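A short write-up of the structure that comes next.
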Amino acid sequence: MKPRTFDTIVIGGGLLGCATTWMIAREGGRVLLVERDQINQHASGSNAGSLHFQLEYRMIERGVEAARKAAEAMPLHLEAAKLWSDLPDLCGQAIEVKQTGGLMIAENTHQVELLEKKTEIERSWGLDNRMIDRTEIDRIAPYLSERVIAAAHCPTEGKADARTAGPALARAALQAGAQIQTRTEVTRLERHGGRWHVVVTSAEGTMELSAESIVIAAGVWTTRLGQMMGAHLPTIPLALMMTVTQRVPKLIPHLVQHAGGRLSLKQALDGNILIGGGWPARLIRNADGEPNFEAKPELLASSLSGNADMAIRVLPELSRIPVIRSWVGTTTVTSDQLPLVGPIPKQPGAFVATGGSAFTLGPSFAQVLADLIAGRMPDTDLTAFAPDRYERA
């Protein structure tokens, strides 16, 4: 049977895959999105929806030089801040995006010094970010404990509804002429005759697809898909937990992070408070030590209590608000904490994007990928994020 042909096949139906598919389709590309489960089922739908444009704690916990390295991704942060603001109008969908500002807080002089250096680095790249003292904290964030003595304030930070953003972009992609196949798993990737041949399996059986280009936007499956085509795309999978409280009256208008530990706080429009920040869960592994992404990761009691203690310390009101549930999501990072974005080495017409801030940076990742697919030079220099950096090393 002759394979179904497309200009581009996008593998992965999270926010990044849906955004990339939409951006390609709106330019007239014949594009198919293939998702092994359901749209938005994995990391994009299970994260807390934070829009972190400041460097996160994991990027600064090893010191200033590590922060300088992580800041090489700041152009993607700046582009993402603008794209998230424009996204609902651009795609014509109701996407909940609230950029009411973010605070990275400090409780002691060491954390203040680190914040000051971090803020200086970010400002050198063009991020609108500044240090504020306790007096100004009292004015704009009186809900924070007196233990908080300073903060870095970034007015473009905020949150998006992770449950609905990906599906909204999928609808936009369909309206632009894209096709989407869910419950469809990629089982083989080969290039011959100047085209990519993608074998997929679903409840309907096995099918061969053909495309001029492919995009891997598959999160924790990135490394495995790279291996199918003989490409080295090293990623580190992480299982992280989050907690949500019952609805309460408006309390937290900002996205809150901590300079001294894993913590993020934000309040959804419906009043629930989301508590996270990167506390680990247990990733299930097979007998050979490889991660089993089909198995549900396990919550760790130490993470639950540690996250709760830290949150209550800086927001005492939380001690009186019941928790509804806690859950685990998976994500990927790289060894140098930078995104993995760009053409896949020695694989013409193949591109990849992933990284620990893939929800926040999803729109800017998608724009870069759409530019590359169209043969345009992206506005952002991708040298620091290119997959071939592992070969160069």
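A quick note: this is a predicted structure, and the numbers were derived from the prediction, not measured.
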Candidate list L114, L127, N129, test side-chain contact (heavy atoms from CB on, under 4.5 Å), partner T119, passing option: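 Output: one option passes, namely N129.
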For L55, run the side-chain contact (heavy atoms from CB on, under 4.5 Å) check against Q337, Q257, M74 and tell me which one passes. M74
Residues two or more places apart in sequence or in another chain: which of them pass side chain to side chain contact (heavy atoms under 4.5 Å, CB included) with [X]?
X	value
S264	S50, H52, K266
E120	none
E116	V112, M131
E107	Q111, R147, H258, R313, V314

Residues in ring pair (Phe, Tyr, Trp, His ring centres under 6.0 Å) with H197, at least two apart?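 Partners of H197 by the ring pair (Phe, Tyr, Trp, His ring centres under 6.0 Å) criterion, ordered by chain and then number, come out as H192.
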Could you go through residues 213-239 and list every donor-acceptor pair under 3.5 Å that involves a side-chain atom there, pairing it with any protein atom two or more places apart or in another chain?
unit_1	atom_1	unit_2	atom_2	d
S213	OG	D7	O	3.3
S213	OG	T8	OG1	2.9
T222	OG1	G219	O	2.6
T223	OG1	L233	O	2.7
T223	OG1	T235	N	3.2
T223	OG1	T235	OG1	2.7

Around atom [atom1] of [X], are there more than 12 heavy atoms from other residues, nucleotides or ligands closer than 6.0 Å?
X	atom1	answer
R134	CZ	yes
R285	CZ	yes
R188	CZ	no

Any donor and acceptor pair, going by atom type alone, linking the side chain of [X] with main-chain N or O of [Y] inside 3.5 Å?
X	Y	answer
Q267	L251	yes
N286	D288	no
S364	E79	no

R58 side chain to S357 side chain, donor-acceptor N/O pair below 3.5 angstrom: yes
Donor-acceptor pair between S202 and Q181 side chains, under 3.5 angstrom: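 S202 vs Q181: no donor-acceptor pair found between side chains.
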Determine which pairs satisfy salt bridge (charged side-chain N to carboxylate O under 4.0 Å, His left out) with at least one residue from residues 343-371, sequence neighbours left out, and list them in order.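 Sorted result for residues 343-371: D371-R376.
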For W196 and F6, run ring pair (Phe, Tyr, Trp, His ring centres under 6.0 Å): C-alpha distance rounded to whole Å, both residues' side-chain angles, the deciding distance at 0.1 Å, then the answer. CA-CA 10 Å; W196 282 98; F6 300 89; over 10 Å; no
Rest of the hydrophobic cluster containing L33 (Ile/Leu/Val/Met/Phe/Trp/Tyr, side-chain heavy atoms under 4.5 Å)?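 Members besides L33, by chain and number: I39, L174, I180.
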Clusters formed by hydrophobic residues whose side-chain heavy atoms approach within less than 4.5 Å: which one holds L274, and what are its other members?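 L274 clusters with M242, V244, I324, W327.
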Under the rule for salt bridge (Lys or Arg N to Asp or Glu O under 4.0 Å), what residues qualify as partners of E96, not counting sequence neighbours?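 Here no residue qualifies.
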Taken in chain and number order and not counting sequence neighbours, the residues that satisfy salt bridge (Lys or Arg N to Asp or Glu O under 4.0 Å) with R36 are E185, E294
Within residues 13-24 or reaching into it, pairs that qualify as side-chain hydrogen bond (donor to acceptor under 3.5 Å, both in side chains) - sequence neighbours excluded: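 As it turns out, there is no side-chain hydrogen bond (donor to acceptor under 3.5 Å, both in side chains) pair with a partner in residues 13-24 once direct neighbours are skipped.
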